[in-house]
Visitor: 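I'd like to ask some things about the structure below.
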Amino acid sequence: MHKPIKYAEKGLTLAAKGTWAVFERLNRIRPNPSFTPRWSEKPLLKSYQKTKPPLGWPRKTDSLCPKCVPEIRKKILDGQVPVEILMREKVGEIKAQIIERDGQILMVKDCPKHGHFEDVMAIDTDFFRHLEESFPGRDIPAHNDERLHHHGSSTVKHGRGSVLTIDLTNRCNMMCDPCFMDANQVGFVHELSWEDIKTLLDNAITIKPRRQMSVQFSGGEPTLSPYFVEAVRYARKVGYNSVQAATNGIEFAKSFEFCKQAAEAGLRYAYLQFDGIGNAANEHRKVGNLFDVKLQAIENLHRAGVEIVPVITIINGINNEQVGRIVQFALDNPKRISFLSFQPVSFTGRDEEITDDRRKAQRYTLSHLAHDVKNQTGLGEPARDWFPISFMGTFSDWADLVHGPGADWGSLSCGCHPNCGVGMAVMIDKETKESAPVTSFLNGNQLAKDIAQINDAARGKFLSIFGMALALMRNYDPFKSPTHFKLTDLLKKFDKSFGATGRDYGSVKGNRTMSDIERRRRDRWNFLFIAGMWFQDLFNYDFRRTEQCIIPYATQQGEISFCAYNTGIGWRNIVEKMHMTATLTKWYEEHGHHEIFAGGKKVQLDNQDHSLVLREELITQEVQHDLDEQGIAKTAREEKLRAARERLKQQQEDERMAKLYRQHILGEATPEQSKLVQLLGKYGIEPRNDGQSLQD
């Protein structure tokens, strides 16, 4: 039985449909031209002016050979060829095709030197098609950026980005498999000085359109940098409203005081490595009590005023069974967690030389994620409730229109390729824990089309807000929304997200206080965003994705696409070697060894009390065994050990066969037989000389 207000809201949605018909017709008459905002030197784009890369299938694209690239990278690192070759030539590039076969989407490619390669991109063609059809088009081309974007085929060409990533250090206090940067294993330290940090942040804001609203400090483990807190403070000072740290959480779990210092400096989000529920689900990271560390980090950070985003590297056969448990953990703790970031494994760094068998067994795609969430939690329909994260670009365009030409920064715009990232929004009642995918009660596809029409008309702030309200109302189904959810809650939620009306929900700017944080947290409704971000590797690399990167790295060699830096041609190896701080030996002599948690070592925690809801049935008691049953190695280290054992076994077998050959075919005496001959001769006994073995 529905509440009476639901029937009243149904009447309002019907009235909104009628009003929209009139509004939309009038809006078509003489649309206003787009204005040029302060943060760009080019005008805002109309929806029909946006370009798109080739989509659908079969299609061709530019990719890389998984064997050629490491070869040329080694030559660059060894000084045999200059790094400038990457700007002048298409090093290691080959053509690739994206095709459908047996209900899957594949990338297939051939290198004239190294042969055939193929990898799966999606296990659901309807899901893949839906993502590409929902893509709204590319953002404003980057301009006034030549000084920072000059990386040949890897150059970022489109959009304002969403998060600028800065690696403060390549040192880490863990030794993980997988690790896309091969932390603690490269033989040298690359750590930014204070002047480096300031220069990278100052440079970033010169690009037009003014790129990132957010900056993320990463590593290695960024909290090991002596400048971590000051870097957070400076990022806020130059204008970044959202300052983040990509962290394993160890330092935050060890000290609430450290969390408080980071929060006071301006840290807004902690992107917390989080692989599963229970220590067994995190066993592959080789820290004895890693899940306890995560719980304490969440407790300390939230108490200090920092929001937490669990970041889950998903690997088939290692922790794909944890997807539902992690989503349920977030649903059980809506006051603490409003964002989940699943990241299907990228075979790079320690995993670049992965065997075909392990790659095929461990490959995990965005389509796997959508289906695992549905199958393990019952939440969401893959081709209805999941969208490319670039889908939100239409709403960012609307916010840019409403904020007007005088805004210093553009709205957050995740304008990446539709194959890069996806998301599903879930509305959760913090009091009752009832939840529902937003697009189960709000027609997402039609809403985006309506908003695009409002944007194209460019009528100004009042009419744009009025149009958005009408579009939300007419696409809303009150009978499918959570029991206590109201139409006014929906309108407030959008206003709070985009800051359209100027109403004070609690500041998110550099001067925000704990009072602002608490005011934003008092909202009854948690807009949980379940995201999937799939970084490329050499087996599925697509330059059409690279040139639209929204999370570039700021480096001493300019801003480089995330995938081009960590995978692709491997700019990370090159930049860090060019600008290394010291060899490991010299660093340890001057600074000593930092503590590394590996081999099952536990992190000493002074306090393990937390107020998180943790269901007993969610806690994993033993590791996942899929790969054991298939006889597949789990990590690069295990793979190398197996290969070494196989080589030793083969060597021993080769030696045994060679011995038998010499003995039986050539008739040569073995050292043991020679000793026997000498012994027999001592007693006057002559050995047989008829070609038969002495062992006869």
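Computed from heavy atoms alone, side chains included, the values below leave out hydrogens, waters and symmetry copies.
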Visitor: Quick check against the 3.5 Å criterion: does N319 have a side-chain atom that pairs as donor or acceptor with the backbone of T313?
Guide: yes
Visitor: Determine whether a donor-acceptor pair (N or O, by modelled atom type, separation under 3.5 Å) exists between the side chain of D400 and the backbone of S411.
Guide: yes
Visitor: For the CD atom on E353, are there more than 12 heavy atoms of other groups (residues, nucleotides or ligands in this structure) within a distance under 6.0 Å?
Guide: no
Visitor: When you compare the side chain of I560 with that of P552, does any pair of heavy atoms fall below 4.5 Å?
Guide: no
Visitor: Report the residues that fulfil salt bridge (Lys or Arg N to Asp or Glu O under 4.0 Å) with K67, sequence neighbours left out, ordered by chain and then residue number.
Guide: none
Visitor: For a 4.5 angstrom cut-off between non-hydrogen side-chain atoms, does Q376 reach N320?
Guide: no
Visitor: Using 0.5 Å steps for rounding, measure from the OG atom of S162 to the CE atom of M392.
Guide: 12.5 Å
Visitor: Verify, without hydrogens or angle tests, whether H151 (side chain) and S561 (backbone) share a donor-acceptor contact under 3.5 angstrom.
Guide: no
Visitor: So, Q97 side chain and P58 main chain: donor-acceptor pair closer than 3.5 Å or not?
Guide: no
Visitor: Is the backbone of A458 close enough, under 3.5 Å, to the side chain of N32 for a donor and an acceptor to pair up by distance?
Guide: yes
Visitor: Is it the case that over 12 heavy atoms from other parts of the model lie below 6.0 angstrom from the NZ atom of K90?
Guide: no
Visitor: Should R544 and D62 count as an ion pair when the cut-off is N to O under 4.0 Å?
Guide: yes
Visitor: Identify the heavy atoms of H116 and E118 that sit nearest to each other, and give their distance.
Guide: NE2-OE1, 2.9 Å
Visitor: CG of N566 to CD of Q536: how many Å apart, nearest 0.5 Å?
Guide: 11.5 Å
Visitor: Could you work out, with salt bridge (Lys or Arg N to Asp or Glu O under 4.0 Å) as the rule, every residue matching K46, not counting sequence neighbours?
Guide: none
Visitor: If we only count heavy atoms from C-beta on, is the I123 to H368 side-chain gap below 4.5 Å?
Guide: yes
Visitor: Taking the side chain as every heavy atom from C-beta outward, state whether F485 and L490 have any pair of such atoms under 4.5 Å apart.
Guide: yes
Visitor: Nearest 0.5 Å, please: how far is CZ in R384 from NZ in K374?
Guide: 9.0 Å
Visitor: Is any side-chain N of the basic residue among R129 and E132 closer than 4.0 Å to the acidic one's carboxylate O?
Guide: no
Visitor: Under the side-chain hydrogen bond (donor to acceptor under 3.5 Å, both in side chains) test, which residues partner H371, sequence neighbours left out?
Guide: D124
Visitor: Answer yes or no: is there a donor N or O on one side and an acceptor on the other, between the side chain of K109 and the main chain of C65, under 3.5 Å?
Guide: no
Visitor: Tell me whether the count of non-hydrogen atoms from other residues, nucleotides or ligands lying under 6.0 Å of NZ in K492 goes above 12.
Guide: no
Visitor: One pair to check against side chain to side chain donor-acceptor pair (under 3.5 Å): S242 and R268. What are the steps and the verdict?
Guide: CA-CA 6 Å; S242 176; R268 187 174 174 192; 4.7 Å; no
Visitor: Specify the closest pair of heavy atoms between I451 and A471, including all atoms of both residues, with the distance to one decimal.
Guide: CD1-CB, 4.0 Å
Visitor: Sequence neighbours left out, what passes salt bridge (Lys or Arg N to Asp or Glu O under 4.0 Å) with R25? Give chain and number order.
Guide: none
Visitor: Could you tell me whether a side-chain N or O of S338 sits under 3.5 Å from a main-chain N or O of F527, the two making a donor and an acceptor?
Guide: no
Visitor: Out of R545, R363, R359, which one pairs with D537 under the salt bridge (charged side-chain N to carboxylate O under 4.0 Å, His left out) rule?
Guide: R363
Visitor: Evaluate whether atom NZ of K42 has more than 12 neighbouring non-hydrogen atoms of other residues, nucleotides or ligands under 6.0 angstrom away.
Guide: yes
Visitor: Can you name the closest pair of heavy atoms from T377 and G324 and give their distance?
Guide: CG2-CA, 3.5 Å
Visitor: Do F342 and I530 have side-chain heavy atoms sitting under 4.5 Å apart?
Guide: yes
Visitor: Please list, chain by chain and in numerical order, all residues satisfying side-chain contact (heavy atoms from CB on, under 4.5 Å) with L45, sequence neighbours excluded.
Guide: Q49, K50, I140
Visitor: When you compare the side chain of D139 with that of H158, does any pair of heavy atoms fall below 4.5 Å?
Guide: no
Visitor: So how far is it from L472 CG to T13 OG1, rounded to the nearest 0.5 Å?
Guide: 12.5 Å
Visitor: Nearest 0.5 Å, please: how far is OG in S218 from OH in Y271?
Guide: 12.0 Å
Visitor: What pairs of residues pass the side-chain hydrogen bond (donor to acceptor under 3.5 Å, both in side chains) test when at least one of them lies in residues 436-445, not counting sequence neighbours?
Guide: D385-T439
Visitor: Look at the rings of F395 and F498 and say which category their plane angle falls in: under 30° parallel, 30 to 60° tilted, over 60° perpendicular.
Guide: parallel
Visitor: Kindly indicate, with the supporting measurements, whether the criterion side chain to side chain donor-acceptor pair (under 3.5 Å) is fulfilled by S481 and Y476.
Guide: CA-CA 9 Å; S481 64; Y476 173 65; 3.0 Å; yes
Visitor: Do M473 and T19 touch side chain to side chain, with heavy atoms closer than 4.5 Å?
Guide: no
Visitor: Would you please test S367 and T365 for side chain to side chain donor-acceptor pair (under 3.5 Å) and show each step?
Guide: CA-CA 5 Å; S367 56; T365 70; 2.6 Å; yes
Visitor: Say whether, by atom type as modelled, one donor and one acceptor occur between the side chain of R459 and the main chain of N27 under 3.5 angstrom.
Guide: yes
Visitor: Give me the one residue out of W386, F391, F387 that meets ring-ring contact (aromatic ring centres under 6.0 Å, His included) with H130.
Guide: F387
Visitor: Output yes when a side-chain donor or acceptor of R73 lies under 3.5 Å from a complementary backbone atom of I569, and no otherwise.
Guide: yes
Visitor: Would you name the heavy atoms of H150 and Q557 that are closest together and state the gap between them?
Guide: CE1-O, 3.4 Å
Visitor: Using 30° and 60° as the class boundaries, would you call the ring planes of W20 and F23 parallel, tilted or perpendicular?
Guide: tilted
Visitor: At what distance, to the nearest 0.5 angstrom, does CH2 of W398 lie from NE2 of H403?
Guide: 7.5 Å
Visitor: W57 and F128: aromatic ring centres closer than 6.0 Å?
Guide: yes
Visitor: Compare all side-chain heavy atoms of V311 with those of Q343 and state whether any distance is below 4.5 angstrom.
Guide: yes
Visitor: Of all the heavy-atom pairs spanning E559 and A554, show the shortest one and how long it is.
Guide: CG-CA, 4.2 Å
Visitor: Which atom names give the shortest non-hydrogen contact between A204 and L164, and what distance separates them?
Guide: CB-CD2, 3.4 Å
Visitor: Under 3.5 Å, side chain of T125 to main-chain N/O of G103, donor-acceptor pair present?
Guide: no
